[in-house]
Each structure stands twice: as C-alpha cells, then as structure tokens.
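This is a predicted model, so every value here is computed, not measured. Order of listing sets the numbers, starting from 1, for every ligand and every atom in it. Hydrogens, waters and symmetry mates play no part in the numbers below; they use all other heavy atoms, side chains included.
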Amino acid sequence: MNVQLGIQRFNPENDAKPYWQSFLITQVDPAERVLDLLKYVKAHVDGTLTFRHSCAHGVCGSDAMRINNLNRLACKTLVQALARPNTERVPIRVQPLLGLPVVKDLVVDMDPFYEHYRSIIPFLVNEQEAPGRERLQSPEERAIIDDGTKCILCACCTTSCPSFWANGRYVGPAAIVQAHRFIFDSRDTGAAERLAVLDRKTGVWRCRTVFNCTEACPRDIDVTRLIGEVKLAIAQGPRRAGRVR
Ligand code: SF4
Ligand code: F3S
Ligand code: FES
C-alpha cells in the first residue's frame with residue numbers, strides 16, 4: 001500500500017502561517033497506524049516534524065489530531081481504515097486540533113483545555129468523617145458514572161465542537177464529562193458547586209446538541225447524553241434529576 005501523507009506544518013519562529021507538506025510513503029502495511037507514518041517521517045525524512053505521543057495504545061490521549069477532517073488518536077487510526085477503493089495512494093491529511101493555539105506543527109497548547117478541566121473541580125469532594133474502611137459504592141451506583149471514568153482527556157470532543165470553536169470560554173464537552181463523573185458519584189458531596197459552575201454563561205447551555213463530540217470520542221463515551229444529564233440536573237435540581245446525593 002502507498003500513502004500520500006499531507007501534514008500541516010507550522011513553526012512560529014520561521015513561518016508567517018501554516019502550510020501543507022506532502023510525503024509519499026511506499027510499501028506501507030495496511031495495519032500500520034497514522035502514528036507509525038508520522039514516526040517514519042520524523043526518523044527518516046524530516047527530523048523537525050513535531051507531534052505528541054506517549055503510550056501508542058490509546059490510553060494516554062496525547063496524540064489526538066485531525067486526520068482526514070475528523071478528530072482521532074493517531075495511534076488508534078489504521079491506514080486501512082482510511083483507504084478508498086481503487087486508489088493507488090491512500091490520501092491521509094493530518095492537522096493539529098482546531099480551537100487551540102498551535103505551538104508547532106501538530107502540537108497545540110493544551111493550557112486552555114486544562115483550565116476548563118480544573119474549573120469543574122475534577123476530584124472527589126467529601127468532607128464528612130472518613131469511615132473506618134473505604135467509602136462503599138454499589139455496582140448500580142458505579143454504573144451511573146462508568147462512562148465518564150473512561151475519559152482520557154484527549155480533547156477530541158472539545159476541539160470538534162462548533163460552540164467551542166466560536167467561543168473558547170465555553171468549558172467544552174470534556175470538562176462536562178469529567179464534571180458528570182463526580183456530580184453523579186454516590187460518594188461525592190460537591191455536586192452543587194460544580195453545577196453552579198456549569199450553569200454559568202460559559203457552561204452547559206452553550207452546548208447546542210451538535211453531537212460532534214460523541215462522534216469524535218475515541219473511548220466511545222456517550223458525551224452528548226452525559227451533557228444532557230448535567231443540563232437536567234441543573235434544570236430540575238440535583239435531587240430531582242435522581243442521581244445526586
Ligand atoms: Fe477524549 Fe472522549 Fe474524554 Fe472527550 S470524552 S476528552 S473525546 S476521551
Ligand atoms: Fe458541542 Fe457536543 Fe454539544 S459537539 S454543541 S458539546 S453535543
Ligand atoms: Fe497515547 Fe495515542 S499515544 S493515546
């Protein structure tokens with residue numbers, strides 16, 4: 001298999017604006033991943049190519065990028081999944097995530113993303129006296145937050161959301177997923193504070209139910225549903241929404 005790999009390049013020290021660079025890579029195994037192609041270019045063609053990656057197995061969330069116009073993890077995107085019938089060369093175009101400042105090539109500045117994450121108090125809050133053993137949770141209570149616990153903070157959701165592109169002050173779907181994970185945790189008592197943050201102008205009401213976030217999530221989290229549950233908890237009050245202690 002041959003691949004025509006287009007990469008959006010940008011070095012703020014030398015370039016006035018981003019530009020596309022194209023690489024023909026031959027004899028690619030269809031089971032190789034886009035991350036393998038980027039590593040090949042960096043090792044054998046152009047050592048200045050800059051991108052993030054770490055685990056290479058879909059766990060750390062560091063290699064999220066825009067691949068053929070969709071947000072994906074480069075380490076989970078196989079070349080064969082991007083192949084088109086009857087084309088000699090598989091066309092692959094790789095860009096940095098949208099909506100965050102580009103630091104260099106495929107690396108974006110994640111600080112604004114993490115600021116939103118921090119704003120929703122992303123840790124368990126419980127100031128009641130600790131029990132002698134751990135705070136127990138039933139399987140049913142755990143199931144309610146199960147989806148959100150799978151989040152790897154890759155930012156694929158937030159950076160595919162038109163509301164976030166239009167206004168970077170919107171906390172974005174990833175922060176709401178993380179908030180949901182604690183708001184509906186039976187051991188947590190910080191729900192009211194988180195819901196107040198998400199009831200602001202920059203909170204959940206900026207979500208227009210576009211569903212890009214759900215489609216982009218590499219962990220198959222039902223992001224839009226979780227956002228809907230948080231909206232309901234604000235509208236009806238946490239207790240009436242049925243899951244918040
Ligand atoms: Fe990534 Fe999904 Fe978490 Fe969003 S919800 S940050 S897409 S893992
Ligand atoms: Fe954006 Fe997802 Fe809502 S794409 S508008 S956060 S459903
Ligand atoms: Fe860790 Fe892809 S390198 S998720």
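Between Lys42 and Asp46, none of the side-chain N atoms (NZ, or NE/NH1/NH2) sits under 4.0 Å from a carboxylate O, so this pair counts as no salt bridge. With salt bridges taken as basic N to acidic carboxylate O contacts below 4.0 Å, one links Asp147 and Arg225. For Lys150 and Asp220, the salt-bridge test fails: no basic side-chain N is under 4.0 Å from an acidic carboxylate O. Electrostatic pairing of Lys39 and Asp36 does not count as a salt bridge here, judged by no charged N lying under 4.0 Å from a carboxylate O.
Contact record, Trp165 with Thr159: NE1-O, 2.9 Å, taken as the closest heavy-atom pair. Counting all heavy atoms, side chain and backbone alike, Val102 lies closest to Phe10 at CG1-CD2, 4.0 Å. The minimum heavy-atom distance linking Val177 with Gly148 is given by the pair CG1-CA, 4.0 Å. Nearest heavy-atom pair across Lys76 and Pro218 is NZ-O, 3.1 Å.
Ranked by closest heavy atom to atom 5 (S) of ligand 1, the top entry among Pro173, Gly61, Gly148, Cys157 is Cys157. In this comparison of Cys213, Pro173, Cys161, the heavy atom closest to atom 2 (Fe) of ligand 2 sits on Cys213. Checking Ser160, Ala174, Pro162, Cys207 against atom 3 (Fe) of ligand 2, the nearest heavy atom belongs to Cys207.
Taking backbone and side chain together, Cys154 holds an N, O or S atom under 2.8 Å from atom 1 (Fe) of ligand 1. In summary, Cys213 places no N/O/S atom under 2.8 Å from atom 4 (Fe) of ligand 1, failing the contact criterion. Taking backbone and side-chain atoms together, Cys157 has no N/O/S atom less than 2.8 Å away from atom 1 (Fe) of ligand 2.
Gln8 pairs in a side chain to side chain donor-acceptor pair (under 3.5 Å) with only one of the listed residues (Gln95, Arg93, Gln21), which is Gln95.
Set against the non-hydrogen atoms of Arg219, the atoms of ligand 1 under 4.0 Å away are 8 (S). The atoms of ligand 1 that sit less than 4.0 Å from any heavy atom of Pro218 are 7 (S). Heavy-atom proximity to Cys55, at under 4.0 Å, picks out these atoms of ligand 3: 1 (Fe), 3 (S), 4 (S). Close contacts between ligand 1 and Ala155 involve ligand atoms 1 (Fe), 6 (S) [criterion: under 4.0 Å to a heavy atom]. For ligand 3 and Gly58, the ligand atoms under 4.0 Å from any heavy atom of the residue are 4 (S). Near Thr224, with a cut-off below 4.0 Å to any heavy atom, the atoms of ligand 2 are 7 (S). In summary, the atoms of ligand 3 found under 4.0 Å from a heavy atom of Cys75, numbered by their order in the structure, are 2 (Fe), 3 (S), 4 (S). Counting the atoms of ligand 3 from 1 in the order shown, those under 4.0 Å from a heavy atom of Asp63 are 2 (Fe), 3 (S), 4 (S). For ligand 3 and Cys60, the ligand atoms under 4.0 Å from any heavy atom of the residue are 1 (Fe), 3 (S), 4 (S). Close contacts of ligand 1 with Ile152, meaning ligand atoms under 4.0 Å from a residue heavy atom, involve 3 (Fe), 8 (S). Taking a cut-off of under 4.0 Å to the non-hydrogen atoms of Ser54, the atoms of ligand 3 that pass are 3 (S). Atoms of ligand 1 found under 4.0 Å from any heavy atom of Ala174 (numbered from 1 in listed order, with element): 6 (S). Shown in contact with Leu153 at under 4.0 Å from a heavy atom are these atoms of ligand 1, numbered in order with element: 3 (Fe), 6 (S). Of all the atoms in ligand 1, the ones that sit under 4.0 Å from a non-hydrogen atom of Cys156 are 7 (S).
With hydrogens left out, the protein atom closest to atom 3 (Fe) of ligand 1 is Cys151 SG, 2.3 Å, a heavy atom. In terms of protein heavy atoms, atom 6 (S) of ligand 2 is closest to Tyr170 OH, 3.4 Å. Ranking protein heavy atoms by distance to atom 3 (S) of ligand 3, first place goes to Ala56 N, 3.1 Å. Of the protein's non-hydrogen atoms, the one nearest atom 5 (S) of ligand 2 is Arg208 N, 3.1 Å. Of all protein heavy atoms, the one lying nearest to atom 4 (S) of ligand 3 is Gly61 N, 3.1 Å. Ranking protein heavy atoms by distance to atom 2 (Fe) of ligand 1, first place goes to Cys217 SG, 2.3 Å.
More than 12 heavy atoms of other residues, nucleotides or ligands lie within 6.0 Å of NE2 in His44, so this atom counts as buried by the packing criterion.
Using a 4.0 Å cut-off between heavy atoms, Thr209 contacts ligand 2 through its backbone alone, with no side-chain atom that close. For Thr158, no heavy-atom contact with ligand 1 is shorter than 4.0 Å. Of the heavy atoms in Val59, only backbone atoms (N, CA, C, O) come closer than 4.0 Å to ligand 3. Of all the heavy atoms of Phe211, the ones lying under 4.0 Å from any atom of ligand 2 belong exclusively to the backbone.
No donor-acceptor contact under 3.5 angstrom links the side chains of Arg187 and Asn126, judged on distance only. With no hydrogens or angles considered, no side-chain donor-acceptor pair links Asn2 and Gln27 at under 3.5 Å. Residues Ser54 and Ser62 have side chains that never bring a donor and an acceptor to within less than 3.5 angstrom of each other. Between the side chains of Ser160 and Glu215, no donor-acceptor pair of N or O atoms lies under 3.5 Å.
The cationic group of Arg9 does not satisfy the cation-pi geometry with Trp20, failing either the under 6.0 Å distance to the six-membered ring centre or the 45° limit from the ring axis.
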Legend entry - Steps toward side chain to side chain donor-acceptor pair (under 3.5 Å) verdict (Asp185, Gln137): CA-CA 9 Å; Asp185 189 319; Gln137 190 171 51; 3.0 Å; yes
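For Asp63 (side chain) and His53 (main-chain N/O), no donor-acceptor pair under 3.5 Å exists by modelled atom type.
Remark: distances from the non-hydrogen atoms of Trp165 to ligand 2 are all 4.0 Å or more. Ligand 2 lies less than 4.0 angstrom from a heavy atom belonging to Ile227.
Between His180 and Phe184, the ring-plane angle classifies as tilted under the 30° and 60° cut-offs.
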